[in-house]
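Structure first, then comments.
Chain naming here is simple, since letters A, B, ... match the order of the sequence lines and numbering starts at 1 in each.
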There are 2 protein chains.
Amino acid sequence: MEETFPRSTPPRRATLKDVARAAGVSQSTTSRALSGEGYVAAAARDRIVAAADELGYVPHAMARSLRKQVSRSVGVLVSDLRNTFYADLAAGIAGRARSRGYTMMLVDDQGLLDQELHAAQAFVATRAAGVIVTPLSADVSTYLLRQRIPVVEVDRRFSAGACDAVVIDNASVARRMTDHLIALGHRRIALLIDETDWTTGSERFAGYTRSLADSGIPDDPSLVVSAGWDVGGARKAAVGILTRRDAPTAVFAANNLLAEGVWRAASDLGLRIPDDLSIVSFDDAQWMSMVSPGVTAIAQDAVALGEAAMDRLLDRIEDPDAAATTTVLEAQILPRGSTSAPRPA
Amino acid sequence: MEETFPRSTPPRRATLKDVARAAGVSQSTTSRALSGEGYVAAAARDRIVAAADELGYVPHAMARSLRKQVSRSVGVLVSDLRNTFYADLAAGIAGRARSRGYTMMLVDDQGLLDQELHAAQAFVATRAAGVIVTPLSADVSTYLLRQRIPVVEVDRRFSAGACDAVVIDNASVARRMTDHLIALGHRRIALLIDETDWTTGSERFAGYTRSLADSGIPDDPSLVVSAGWDVGGARKAAVGILTRRDAPTAVFAANNLLAEGVWRAASDLGLRIPDDLSIVSFDDAQWMSMVSPGVTAIAQDAVALGEAAMDRLLDRIEDPDAAATTTVLEAQILPRGSTSAPRPA
DNA sequence: CCTAGGTATGGCATCGTTGTCATACAGTGG
DNA sequence: CCACTGTATGACAACGATGCCATACCTAGG
């Protein structure tokens, strides 16, 4: 009998069976004692609990969820964790997940379609209780829904109607932002945008267009510039439009990367802000409050977005057959120094 | 017999048994066919594979890992996802995890000790293959190591020697940064710091002190200011030291939040940078390259830190009994406009 | 005294996989 | 013709937890 092991680090992790043996009762009783369901004599319970933490017993979550056929973990799929927006979103989800007793599996698909689908499969494999996703295509939701896994789309919608969604009112706030520029006296307002295929882009574009139309400003398609996905491209595109003979007096950047490009372009060209050029941004970023003048921006509360998505998901898990709903959160305009009346021509 | 269900959404997720039945073979054969281990006739394999994707079969990762007694998921515990440093770290880990076939459970402990321990327990419950943590105390590592779970500490070390760690050489780069200020002619250099209890703080402090000593500059403890954990506190502390009669000509902020406080304080006091005051920061933040002048900063590659930590963890999982090592990554000094020679007195 | 109901406990099947083992049928070399 | 080896398959027992069921005791009420 040389089975003496140091007491501090047991050779194997303790299981329910070990606790049962140590307490001198059956596994059934042990399970009941630790879960608090069913009859257990007080004395037995005490012995069992004592044995459990003597052995450092931690229930095996996977075994439990295999047996109970329910999972306490949710999958989260975002496009790019290095982008503050997604990181804040994840933070909001994480906070709610923890307080509701769920664990979070986080995957960053880097904006790649194949990784998005691959991640979805990983969520199915772990039998996630539900998934929150900032989708790149309708495929994820379709696939997960077919697998009977609740899905919530955040930030943008691809499967409108088929699954729940939590978004902000892009169109409305883009319109109000454009209204603000028009109220200051601007007539030539450029829109720098990445894409108009997703709901985010198309709605922002729609809000901008709507504002101009409502103010009776003639449509000028040349002022809407597709500026790519990175700062470099945005900078180039901004330089292009700002050096035109009929350059705009204000630029509306449809996200924070584009705003950075515009800011740098203005600096390249020696334009004074807001005297020579007004700049506004959809998405607030930290630098916008650090530079002078600060950049007037639309702030989405990404943390709140994440929290709302998690709440939605948990409701859905409780009631899988309820009708899909779309939750729309408010976004705020933060007026800063980058906007003023255009210079008289 | 009214068990007709729509073919598109099966009532229950398909299991190995379902695939086996559909292909007309046993579970054993099915398992062998899908895993590729052991003998399976070519014809049978084809039938099985066909049945599997007909049914949309996805193997149950938890059942598998229960049976095989190995897990393919790692736990990651960071202090605050909303802080870019941690988000980038997580992104680095996530990237490596995905490419190595692991899934990542992410928890944000919000800098709270009890949540840190709670998260550690959750990792044990899911039988994580390993854990990467930016620790708040030695307790996490101690607990997890006792539970035989490999741990890698990142950014700061609490359990030096007991577990692996991946950090940057805080002391050395802090010293070089201070040397840089001294080389420019500064003699009164303040250090704004949050804490000196963690390895990060104490090493940065040590590097600063060492640089001054090596240059023969007399020690002045009043120039080392404990500035709290948020921007507001840092701003106040900075205003305090900058309005002293013998105010420093340069300030070294030990992290990006403190740097923001200093920057705002300088703005409050109308100090011109770098003429009236030189500012340097440990930690680069996006705004530091957007403001003018830009802030000279120490850039840690948080993504690389995360990748290195994941690599370390996987090595450790493969060889649990190897000696614990500490990996030290380089950090870079990015010279920008916020530093110059002090104004002649 | 007998039964009913509350309390307390253990046995056992089960969740979905995997791997060991036993079995069976080739074909091959002695 | 008899081992023997290689191929192919299915039964079955795990992994760790739970929950149904049977069993057993005790007390109270008829």
When the side chains of residues 87-97 of chain B are checked against the rest of the protein, which donor-acceptor pairs come out under 3.5 Å, sequence neighbours left out?
| unit_1 | atom_1 | unit_2 | atom_2 | d |
| --- | --- | --- | --- | --- |
| B/R96 | NE | B/D311 | OD1 | 2.9 |
| B/R96 | NE | B/D311 | OD2 | 3.3 |
| B/R96 | NH2 | B/D311 | OD2 | 3.3 |

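The residue among B/V25 and A/H60 whose nearest nucleotide of DNA chain D is located toward the 5' end is B/V25.
The side chain of A/L66 has D/dG16 as its nearest neighbour among C/dG11, D/dG16, C/dT9. Of the candidate nucleotides C/dT9, D/dA11, D/dA8, D/dA8 has the atom nearest to the side chain of B/Y39. Out of C/dT9, D/dA17, D/dA11, the shortest distance to the side chain of B/S28 is found at D/dA11. For A/S26, taking side-chain heavy atoms from C-beta onward, the closest of the listed nucleotides D/dT9, C/dG10, D/dG16 is C/dG10. Relative to the side chain of B/R64, the nucleotides C/dG19, C/dT17, D/dA17 differ in distance, and C/dT17 lies closest. Of the candidates D/dG10, C/dT17, D/dT9, C/dT17 carries the atom nearest the B/Q27 side chain, counting heavy atoms from C-beta on. The listed nucleotides are C/dG19, C/dC12, C/dT9; the one nearest the side chain of B/K68 is C/dG19. Closest to the B/Y57 side chain, of the nucleotides C/dG10, C/dT17, C/dG19, is C/dT17. Of the candidate nucleotides D/dA8, C/dG16, C/dT9, D/dA8 has the atom lying nearest to any side-chain atom of B/A41.
Per the geometry, CZ belonging to A/R127 stands 8 Å off P belonging to C/dG16, to the nearest Å. To the nearest angstrom, P of D/dA8 lies 10 Å from CZ of B/R32. Straight-line distance from the CD atom of A/Q69 to the P atom of D/dG19: 12 Å, rounded to whole Å. Atom-to-atom, CG of A/L16 to P of D/dA14 comes out at 17 Å; the value is rounded to the nearest Å. Taking atom CZ of B/R72 as the reference point, atom P of C/dT17 lies 18 Å away to the nearest angstrom. Between the CE atom of A/M62 and the P atom of D/dA14 there is a distance of 23 Å, given to the nearest Å. For the pair B/R21 CZ and D/dG10 P, the computed distance is 14 Å after rounding to whole Å.
Nearest approach of A/F123 to A/L77, heavy atoms of both residues: CE1-CB, 4.1 Å. Across all their heavy atoms, B/P135 and B/V140 have their closest contact at CB-CG2, 4.5 Å.
No hydrogens or angles considered: nothing links the side chains of A/S35 and A/R64 as a donor-acceptor pair under 3.5 Å.
At the heavy-atom level, A/E37 lies nowhere under 4.0 Å from the strands shown.
When side chains are defined from C-beta on, A/W198 does not count as touching A/D155, because their heavy atoms never get closer than 4.5 Å.
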